[in-house]
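What follows is a single structure, written as structure tokens, with notes after it.
For ligands, and for the atoms within them, numbers begin at 1 and follow the listed sequence. Note that the coordinates shown come from a computational prediction; the quantities given were computed from them, not determined experimentally.
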Amino acid sequence: MRAKIIDGKAVATQIRSQLKVRAEAFSARCGRRIGLAVILVGDNAASKIYVRNKIAACEEVGIQSAAYYLPSETEETKLTELIDTLNADNSTDGILVQLPLPKHINARSILERILPQKDVDGFHAINAGNLLLGNPCLPACTPHGCIELIRSTGVPIAGKHAVVIGRSNIVGKPMALLLLQNDATVTVAHSRTQDIKSITKQADILVVAVGIKEFVTGDMIKPGAIVIDVGMNRGEDKLYGDVCFDEAAQVAGYITPVPGGVGPMTIAMLLGNTVTTAEMHNA
Ligand code: GUN
């Protein structure tokens with residue numbers, strides 16, 4: 001194998017230990033723990049696992065989590081009322097609504113209901129807009145985690161050609177903006193892109209967030225590239241990324257594994273946003 005493995009678990013562990021120190025300092029200064037509310041509507045199996053992992057991570061760094069498990073038939077107004085209550089609660093520093101929401105609920109209006117300063121996912125239009133403008137904001141957790149993983153290689157981002165596959169509001173779009181902010185030359189490819197291989201072959205940094213198991217094969221990768229795999233596709237036997245790891249690892253310079261790459265970083269960045277917003281609003 002040629003590629004160095006980017007160990008997301010190890011990078012996340014280091015970040016979490018720094019956050020623990022900040023969370024303890026907050027508790028000592030403010031006389032309460034930093035608070036994160038996590039809302040899950042319905043019983044999506046993957047969402048339940050993500051929420052469980054987020055709550056366990058809060059515990060580890062000393063953030064007080066409050067989990068709200070609502071049935072899938074919950075009316076939008078009930079969810080709105082809960083968010084309003086949490087918005088007004090001074091001991092709730094961050095609010096997270098796990099996506100996807102059931103189809104009868106308008107996810108956009110729910111996300112916009114969360115106060116921007118409590119929007120630790122960075123999904124509110126204010127945070128997304130400030131990211132676009134290069135203003136201070138709570139950035140979306142997964143792309144922020146990807147940037148930290150790229151930084152952990154020690155390879156400078158400035159001037160590199162970064163290709164993002166995927167254009168979702170959660171990953172692809174904010175990822176492209178963060179790479180641009182780091183002075184990369186950015187190309188966004190997606191499901192309608194023609195001859196995608198000719199584009200990915202040019203990528204010094206390739207971030208893959210298409211949600212298709214092993215979409216990127218070894219022949220699509222530039223030798224020595226940094227490959228960040230955001231995919232989490234449940235197969236019969238195990239979790240698969242959006243990148244065919246065995247092939248890619250023969251060509252790339254650095255690669256993230258699935259699991260143990262981007263996933264732990266998403267949670268570390270969520271905790272980071274929660275600590276940051278708590279500190280900012282209790283200065
Ligand atoms: N669903 C998939 N990824 C995410 C995420 O980062 N945050 C939330 N709230 N829901 C998600």
Discussion item. For a quick test of reading the model, state the closest non-hydrogen atom pair linking I226 to T153 and the distance between them.
Written reply: CD1-OG1, 3.7 Å

If you look at each N/O of ligand 1, which protein N/O atoms lie under 3.5 Å away, and at what distance?
{"residue": "ligand 1", "atom": "1 (N)", "partner": "Q98", "partner atom": "NE2", "Å": "3.3"}
{"residue": "ligand 1", "atom": "1 (N)", "partner": "L99", "partner atom": "O", "Å": "3.0"}
{"residue": "ligand 1", "atom": "7 (N)", "partner": "D121", "partner atom": "OD1", "Å": "3.2"}
{"residue": "ligand 1", "atom": "7 (N)", "partner": "D121", "partner atom": "OD2", "Å": "3.3"}
{"residue": "ligand 1", "atom": "9 (N)", "partner": "V97", "partner atom": "O", "Å": "2.9"}
{"residue": "ligand 1", "atom": "9 (N)", "partner": "D121", "partner atom": "OD2", "Å": "2.6"}
{"residue": "ligand 1", "atom": "10 (N)", "partner": "Q98", "partner atom": "NE2", "Å": "3.3"}
{"residue": "ligand 1", "atom": "10 (N)", "partner": "L99", "partner atom": "N", "Å": "3.0"}

If you look only at distance, which donor and acceptor atoms sit under 3.5 Å apart when one is on a side chain in residues 130-148 and the other is two or more places apart or in another chain?
{"residue": "N130", "atom": "OD1", "partner": "N135", "partner atom": "ND2", "Å": "3.1"}
{"residue": "N130", "atom": "ND2", "partner": "I126", "partner atom": "O", "Å": "3.3"}
{"residue": "T142", "atom": "OG1", "partner": "T266", "partner atom": "OG1", "Å": "2.9"}
{"residue": "E148", "atom": "OE2", "partner": "R151", "partner atom": "NH1", "Å": "2.9"}

Item to complete: Sort and list the pairs that fulfil salt bridge (charged side-chain N to carboxylate O under 4.0 Å, His left out) and have at least one residue in residues 227-255, not counting sequence neighbours.
Response: none

Practice prompt. Identify, with sequence neighbours excluded, every residue that meets salt bridge (Lys or Arg N to Asp or Glu O under 4.0 Å) alongside D7.
Written response: none

Worksheet item: Has E81 got more than 12 heavy atoms of other residues, nucleotides or ligands less than 6.0 Å from its CD?
Response: yes

Practice prompt. List the steps, then state whether side chain to side chain contact (heavy atoms under 4.5 Å, CB included) holds for F123 with L99.
Written response: CA-CA 11 Å; F123 292 165; L99 300 177; 3.8 Å; yes

